[in-house]
Undergrad: 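This is the structure I want to talk about, given as structure tokens.
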Amino acid sequence: MPELPEVETIVRELRPLVVGRTIRDVWFDWPNQIKHPAPADFAARARDREIMAVERRGKWVIMSLGPQDAPYGEPAPAVLAIQVKMTGQLDVIPLGMPRDGHVHAVLALDDGNELRMRDTRKFGRLAVYSPSEAERVLGALGPEPLAEAFTVAEFRHLLRRRKARLKPLLMDQAFLAGVGNIYADEALWRARLHPLRSANGLRADQESALYRALRDVLSEAIEHRGSSVDDYRAPGGIGQMQHRLNVYGRTGKPCPRCGRPTRRMVIGARSSHFCSWCQRLPARERTPQAQALLARAE
DNA sequence: CATTACCTGCAA
DNA sequence: TTGCAGGTAATG
């Protein structure tokens, strides 16, 4: 399930394969995956544009497209934005290679290759935006946790304005861009914080620990090309970070730090994994709702 | 703020 | 055959 490190890996591996190429044709067979503009207009908006750059913003793959050079094309640049969500895979391979039934979008490039998205569950989305539309959509995202400009002081400030539980808050893309279920659980484990803790109830040293934990785990995951737990695969193959996860998907297994069992509980309709000992919830934060959730933990 | 729809594959 | 997995948009 691609989060920041997985999308970063996809972007790095895609970049040398598509930058400088021009999109010559567009095909798709599942219009629901076209987020913008209307599916009927999508191909015309994307066609005959050069891919100038490939970047990541949160969990989005962002391709800057040059102006259309076709006779009646738009003289303005555009942005191709792709969300791979749960099961999307991007590949650049020779045009016309056999497709299985899960390839639902293909961009033909001018070098005889195609950029294809394979997506079993069809949650992935493709959009072509004008630069100002892209700015609006991406502007709704929170800060990039690995950006140099993202300091512990800023993180502290953001945490103190929110009373929400840490787990759903870390996954809120408007709060912080790019963190999903895996790395939220892993960062909380590293920082020894219970997922139900309130953001504005942390001590200063705990705020710093969480900042460091987030940056460390995301950087380490990028070094290992992401976690291939289900369908995630970058253009260069699967990642290796799944072997280095300490709590995610390890329900019942011993905590690598203290040996006590890893527990799993449902918070905001998503599973959370945490150490029953290292990440205790202070008595002060054991509200009736928290107690009820904890009672249902495995 | 919490829940549901979107989807399919696969485990129970 | 049911239900769960989960990122995000949409809805209550």
Side-chain angles (χ1 to χ4, degrees), chain A residues 1-10 28-39 56-62 81-90 99-105 117-127 129 133-134 136-142 145 161-188 195-200 218 221 226-233 242 245 247-252 262 264-273 287-290 292-293 296-298:
Chain A
M1 34 222 66
E3 305 179 20
L4 186 154
E6 289 75 25
V7 178
E8 180 64 28
T9 303
I10 290 170
F28 57 87
D29 71 350
W30 198 259
N32 282 355
Q33 293 199 278
I34 306 299
K35 192 186 178 84
H36 186 85
R56 179 191 59 75
R57 178 75 173 96
K59 301 176 195 173
W60 294 76
V61 176
I62 303 296
I82 304 174
Q83 288 176 297
V84 296
K85 299 239 182 137
M86 303 291 296
T87 57
Q89 302 171 340
L90 296 173
R99 298 172 191 166
D100 69 13
H102 298 307
V103 176
H104 298 294
M117 182 154 80
R118 181 177 182 276
D119 188 356
T120 27
R121 288 165 70 177
K122 302 177 190 161
F123 279 9
R125 294 291 181 266
L126 302 166
Y129 294 120
E133 287 168 337
R136 181 173 46 76
V137 171
L138 300 175
L141 296 173
R161 308 169 59 163
R162 303 292 292 265
K163 67 171 199 291
R165 293 164 176 153
L166 286 178
K167 176 65 190 291
L169 185 62
L170 291 178
M171 294 176 62
D172 179 352
Q173 300 303 293
F175 176 75
L176 196 60
V179 177
N181 211 27
I182 297 175
Y183 299 110
D185 280 1
E186 292 296 317
L188 289 169
L196 290 177
R197 290 289 300 272
S198 285
N200 64 5
L218 294 171
S227 303
S228 289
V229 288
D230 282 328
D231 295 298
Y232 161 69
R233 185 171 50 70
Q242 64 277 16
L245 300 178
V247 280
Y248 182 84
R250 293 178 37 85
T251 311
T262 299
R264 176 185 171 278
M265 69 186 300
V266 175
I267 306 172
R270 292 180 195 91
S271 62
S272 280
H273 310 78
T287 61
Q289 295 109 309
L293 288 170
R296 264 179 272 133
E298 292 173 45

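Each chain gets a letter, A, B and so on, in the order the sequences are listed, and its residues count up from 1.
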Undergrad: Any side-chain heavy atom of A:L293 sitting closer than 4.5 Å to one from A:R165?
TA: yes

Undergrad: Could you give all pairs that pass the side chain to side chain donor-acceptor pair (under 3.5 Å) test and reach residues 168-182 of chain A, with sequence neighbours left out?
TA: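 Listed by first then second residue: A:K167-A:N181.
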
Undergrad: Which whole-number value in Å describes the distance from A:L169 CG to C:dG7 C1'?
TA: 16 Å

Undergrad: Applying side chain to side chain donor-acceptor pair (under 3.5 Å), can you list everything that pairs with A:R118, at least two apart in sequence or on another chain?
TA: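 With sequence neighbours excluded, A:R118 shows a side chain to side chain donor-acceptor pair (under 3.5 Å) to A:Q89, A:D100, given in chain and number order.
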
Undergrad: Rounded to the Å, how far apart are A:F175 CZ and C:dG7 P?
TA: 17 Å

Undergrad: Looking across every strand, which nucleic acid part, if any, lies under 4.0 Å from A:Y183 by heavy atom: base, sugar-phosphate, or nothing?
TA: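 The residue A:Y183 makes no contact with any strand.
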
Undergrad: Could you write out each protein N or O paired with an N or O of nucleotides 8-12 of chain C at a distance under 3.5 Å?
TA:
unit_1 : atom_1 : unit_2 : atom_2 : d
C:dT8  : OP2    : A:K59  : NZ     : 2.9
C:dT8  : OP2    : A:Q173 : NE2    : 3.4

Undergrad: So which heavy atom on A:E8 is nearest to which on A:R56, and how close?
TA: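 For A:E8 and A:R56, the tightest heavy-atom pair comes out as OE1-NE, 2.8 Å.
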
Undergrad: Have a look at the helix from B:dC1-C:dG12 to B:dA12-C:dT1 and give the angle its two end axes make, five pairs each, rounded to 10 degrees.
TA: 60°

Undergrad: Atom CG in A:L188, atom CG in A:L170: separation rounded to 0.5 Å?
TA: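 So the CG of A:L188 and the CG of A:L170 are separated by 5.5 Å.
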
Undergrad: Please report the interatomic distance CG(A:L169) to NZ(A:K163), rounded to the nearest 0.5 Å.
TA: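 That separation rounds to 11.5 Å.
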
Undergrad: CG of A:L126 versus C1' of C:dG7: gap in Å, rounded?
TA: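 About 16 Å, once rounded to whole Å.
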
Undergrad: Just say parallel, tilted or perpendicular for the rings of A:Y129 and A:H36, cut-offs at 30° and 60°.
TA: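 A:Y129 vs A:H36 ring planes: parallel.
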
Undergrad: Heavy atoms only, 4.0 Å cut-off, all strands: where does A:S271 land among base, sugar-phosphate and nothing?
TA: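 Sugar-phosphate: the residue A:S271, judged by heavy atoms under 4.0 Å, touches backbone atoms but no base.
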
Undergrad: Which distance, rounded to the nearest 0.5 Å, do you find between the CG of A:L126 and the CD1 of A:I34?
TA: 4.5 Å

Undergrad: Quick one: list whatever passes side chain to side chain donor-acceptor pair (under 3.5 Å) with A:R250, sequence neighbours left out.
TA: none

Undergrad: A:H102 versus A:K122: any side-chain heavy-atom pair under 4.5 Å?
TA: no

Undergrad: Between protein and nucleic acid, restricted to nucleotides 5-8 of chain B and to nitrogen or oxygen atoms under 3.5 Å apart, what atom pairs and distances do you find?
TA:
unit_1 : atom_1 : unit_2 : atom_2 : d
B:dC7  : OP1    : A:W30  : NE1    : 3.3
B:dC7  : OP1    : A:N32  : ND2    : 2.5
B:dC7  : O2     : A:R121 : NE     : 2.8
B:dC7  : O2     : A:R121 : NH2    : 3.4
B:dT8  : OP1    : A:K122 : NZ     : 2.4
B:dT8  : O2     : A:R121 : NE     : 3.4

Undergrad: Out of curiosity, A:H273 NE2 to A:T262 OG1, how far, rounded to the nearest 0.5 Å?
TA: 8.5 Å

